[in-house]
Amino acid sequence: MISITNYILHIDVNSAYLSWTAAYRLQQGYELDLRTVPAVVGGSEKSRHGIVLAKSMPAKKFNIITGESIRDAYQKCPKLICVAPNYDLYMKASAAMVEIIREYSPKVQRFSIDECFVDYNDLATGRHAIDIAKEIRKRMWDELGFTVNIGVSTNKILAKMGSDFQKPDRVHTLFPNEIQAKMWPLPVGDLFMVGSRTEAKLKGLGINTIGELAQTDVALLSAHLKSHGYLVHAYANGIDHSPVRKSNREIVKGMGNSTTVRFNVEKREDANLVLLSLAESVGMRLRQASVCAGLVSVSIRSTEFTGGGHQRKISVTTDSTTYIHKIAMQLFDEMWDGQLIRKLGLRVSDLYSNDYVQLSLLEEFDFERQKALDDTVDKIRGKYGSSAIHRASFLHSGLRPVTGGIQDDGEDEYPIMTCIL
DNA sequence: TCTGGGGTCCTAGGACCC
DNA sequence: TCTGGGGTCCTAGGACCC
């Protein structure tokens, strides 16, 4: 017998935004634990950000689902408590969680703000992975005040599926010899990477459970789902060879920001300002990551929820706020048909290290001068905050001079957290 | 005052080249 | 004078995730 020494853990915060908010409020001296009553984290309806981002277990009992409008949620439960998101708090809570997890293994992959994978070798400590998982679960509660689910297995897909079993505050195993008993009876839509469209197609083929998917001829699946068919078939059989990567950061493919504007945009000049504020944050993020982009994309969503995207490769790679904005406006002008706009997005990709920025001789654009300006603005914002300096065109516009990334809803802000979390 | 924001990967079709 | 084949690049859009 060969004993397994390498395990994969998947750690997932239960109702992350809500749990973190609840834990924080307890620390601040609130009596009520939001996790014990129907409560949601959601944006404000007035600024048209009113959807449920996270819900408590009691809220779930009222059939409130993530992503639905706050209004619909109130209809289901009039006593519902709704609190604003606090992304600064979430980043801190996430960092505190990862710091503890890294005590057990150097191979930790942050999969999202509230999830990570751990490659754990029990030769290192002589302790079994299941015991480690139980200890991590307990420490999250004791030291940070929130609960997690942990899945333990031998690869990422099984660990992830395992962490999704009964919640909250549980450790589950899903080893290969447990697949048939624990995973195959589940509805096919529960499988990672089977979303609503794929689920509908599979049901059309008479496939209703993960087990049925696992035992379907992969040729049939690929005929209907192309390469996605191979993927979900492998996942249904618990097959996944992807490694736990130490870092996601080095392999970022693109970055973008988008915003639902507080009012319907009908004037080009307002769209121009919104895209400028998005370019400010995208540009800052590029410069912070020391990369330049070779592709710019703009997306528009109308008040009718129609719309699309428009993108263009650019002849230079750039991290210039002003240049990105200039391209974005070209794209906008080519695409906009005058419809009322609800949401605008700006995204850059084709990222290259900015060590070798090419300066185009053809462009009538002074990259050197803009670079100096961007650097100065970044320094001031780094020191005094992103609202310390902004372009005069935003004065009296009713628009944010910088849009995207970590920011809160503005109305009901929490103070910066100072406690242990 | 219905419907957020940030990502990744895949596919299809047209342009263009040899 | 309807007509091949292979390849890459570019753009649009769909599907999935948290």
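Lettering of chains follows the sequences in order, A, B, ..., and the numbering in each one begins at 1. Only a predicted model underlies this, so the values are computations on that prediction, with no experimental measurement involved.
We find that Glu143(A) and Lys138(A) are not joined by a salt bridge, their nearest charged nitrogen and carboxylate oxygen being 4.0 Å or further apart. Taking 4.0 Å as the cut-off between side-chain N and carboxylate O, Arg381(A) and Glu280(A) count as a salt-bridged pair. A salt bridge is absent between Arg287(A) and Asp319(A): the closest approach of a Lys/Arg side-chain nitrogen to an acidic carboxylate oxygen does not fall below 4.0 angstrom.
Summarising the geometry, the separation between CE on Met255(A) and C1' on dT8(B) is reported as 14 Å, rounded to the nearest angstrom. Counting to the nearest Å, the P atom of dT3(B) and the CD1 atom of Ile64(A) are 16 Å from each other. Atom CG of Leu53(A) and atom C1' of dT3(B) are 13 Å apart (whole Å). Taking atom CG on Leu346(A) and atom C1' on dG5(B), their separation rounds to 14 Å, with Å as the unit. Atom C1' of nucleotide dG5(B) and atom CG of Leu278(A) are separated by 11 Å, given to the nearest angstrom. In this structure, Lys76(A) atom NZ and dC2(B) atom P are separated by 18 Å, rounded to whole Å. We find that NE2 of His49(A) is positioned 6 Å from C1' of dG4(B), with the value rounded to whole Å. For the pair Ile51(A) CD1 and dT1(B) P, the computed distance is 19 Å after rounding to whole Å.
At a cut-off of 3.5 angstrom, counting only N and O atoms as typed in the model, there is no donor on one side facing an acceptor on the other between the side-chain of Arg48(A) and the base of dT1(B).
A tilted orientation is assigned to the rings of Phe117(A) and His10(A), their planes being inclined by 30° to 60°.
Close to dG4(B), at under 4.0 Å from its OP1 or OP2, lies a side-chain N or O of Arg342(A). Within the structure, every side-chain polar atom (N or O) of Asn257(A) is placed at least 4.0 Å from both OP1 and OP2 of dG5(B). Note on Arg301(A): every side-chain N or O is 4.0 Å or more away from OP1 and OP2 of dT3(B). Residue Ser258(A) places at least one side-chain N or O under 4.0 Å from the OP1 or OP2 atom of dG6(B). For the pair Thr260(A) and dG5(B), the criterion of a side-chain N or O lying under 4.0 Å from OP1 or OP2 is met.
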Verdict with supporting geometry, Asp12(A) and Ser163(A), side chain to side chain contact (heavy atoms under 4.5 Å, CB included): CA-CA 7 Å; Asp12(A) 191 351; Ser163(A) 71; 4.2 Å; yes
Evaluation steps, side chain to side chain contact (heavy atoms under 4.5 Å, CB included), between Leu346(A) and Ile324(A): CA-CA 9 Å; Leu346(A) 174 57; Ile324(A) 291 166; 3.9 Å; yes
One pair to check against side chain to side chain contact (heavy atoms under 4.5 Å, CB included): Asn237(A) and Ile179(A). What are the steps and the verdict? CA-CA 8 Å; Asn237(A) 283 285; Ile179(A) 290 172; over 6 Å; no
Evaluate side chain to side chain contact (heavy atoms under 4.5 Å, CB included) for Thr209(A) paired with Gln215(A), printing each intermediate quantity in order. CA-CA 10 Å; Thr209(A) 67; Gln215(A) 292 174 303; over 6 Å; no
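Gly254(A) comes within 4.0 angstrom of the backbone, heavy atoms only, and of no base.
dG4(C) sits 15 Å from dC17(B) when the C1' atoms are compared, rounded to a whole Å.
Of the N and O atoms on the side chains of Arg110(A) and Ser94(A), at least one donor lies less than 3.5 Å from an acceptor on the other residue.
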Dot-bracket encoding of pairs in DNA chain C, which uses [ ] for pseudoknotted crossings and | for another strand, Watson-Crick or G-U under 3.5 angstrom: ....||||||||||||||
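Comparing Phe305(A) and Lys253(A) against DNA chain B, the residue whose closest nucleotide sits nearer the 5' end is Phe305(A). With DNA chain B read from its 5' end, the first of the two nearest nucleotides for Glu304(A) and Leu225(A) is the one closest to Glu304(A).
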How would you summarise protein contacts on nucleotides 11-18 of chain C per nucleotide, using B for base, S for sugar-phosphate only and - for none, with heavy-atom distances below 4.0 Å? BSS-SSSS
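The nucleotide whose nearest atom lies closest to any side-chain atom of Thr259(A) is, among dG5(B), dC2(B), dC9(B), dG5(B).
By the side-chain contact (heavy atoms from CB on, under 4.5 Å) test, Thr306(A) pairs with Ser302(A), Glu304(A), Gln339(A), sequence neighbours left out.
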